[in-house]
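In each ligand, atom 1 is the first atom listed, and ligand 1 is the first ligand listed.
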Amino acid sequence: MVIINDIKIAEYFSLYEFECPCCKRVMLSPDLLTRLNHLRMVINKPIYINSGYRCPEENKRVGGVPGSYHLLGMAVDIHVKDYLLSDLLIYAQEIGFNGIGYYEEKDFLHLDIRPGQKHLWKGKELIGY
Ligand SMILES: [Zn+2]
Ligand SMILES: [Zn+2]
């Protein structure tokens with residue numbers, strides 16, 4: 001078996017955690033990684049990355065929006081076991097992720113580092129920041 005992307009890239013993260021599940025390709029913004037590592041330190045609990053980089057085929061397969069920041073290595077969807085999503089949201093806002101999607105039923109946050117204006121949405125509804 002070929003081992004790929006099994007490289008520690010920050011105190012709490014390895015590169016494979018961000019790879020595209022279909023092709024193992026990966027793009028990752030250092031700024032995104034720094035903020036995620038910061039969030040991990042603040043909450044002191046493991047962060048599971050449901051989705052990191054997506055190639056265009058994978059993005060289509062999972063129903064991502066066409067201009068998704070997942071395509072640019074600038075977004076992650078994260079889940080933290082036994083942790084209130086609303087608390088996670090507060091810390092994510094403090095750390096300064098510019099785009100935050102709050103998905104209560106599925107218990108995950110989308111976090112991205114888009115430039116410019118901040119966006120916070122719940123499901124498909126924009127709720128400000
Ligand atoms: Zn792929
Ligand atoms: Zn996402």
So what's near the Zn ion (ligand 2), protein N, O or S atoms under 2.8 Å?
His70 NE2, Asp77 OD1, His110 ND1
Are Glu58 and Arg25 ion-paired here, with the side-chain N under 4.0 Å from a carboxylate O?
no
Ignoring hydrogens and angles, tell me if any N or O in the side chain of Asn5 forms a donor-acceptor pair with the backbone of Lys24 under 3.5 Å.
yes
Given a threshold of 2.8 Å, state how many protein N/O/S atoms are nearer than that to the Zn ion (ligand 1).
4
For Tyr12, is there any backbone N or O sitting under 3.5 Å from a side-chain donor or acceptor partner on Asn37?
yes
Can you check whether Tyr48's main-chain N or O pairs, donor with acceptor, with His79's side chain at less than 3.5 Å?
no
Between Asn59 and Val65 (side chain of the first, backbone of the second, donor and acceptor by atom type, cut-off under 3.5 Å), is there such a pair?
yes
Between Asp112 and Arg35, is there a salt bridge with N-O shorter than 4.0 Å?
no
Ring-plane angle category for Tyr91 and Tyr83, please: parallel below 30°, perpendicular beyond 60°, tilted otherwise.
tilted
What's the verdict on ring pair (Phe, Tyr, Trp, His ring centres under 6.0 Å) for Phe108 and Tyr103, showing C-alpha distance, side-chain angles and the deciding distance?
CA-CA 5 Å; Phe108 79 88; Tyr103 296 88; 4.5 Å; yes
State whether the side chain of Ser68 and the backbone N or O of His70 hold a donor-acceptor pair below 3.5 Å, judged by distance alone.
yes
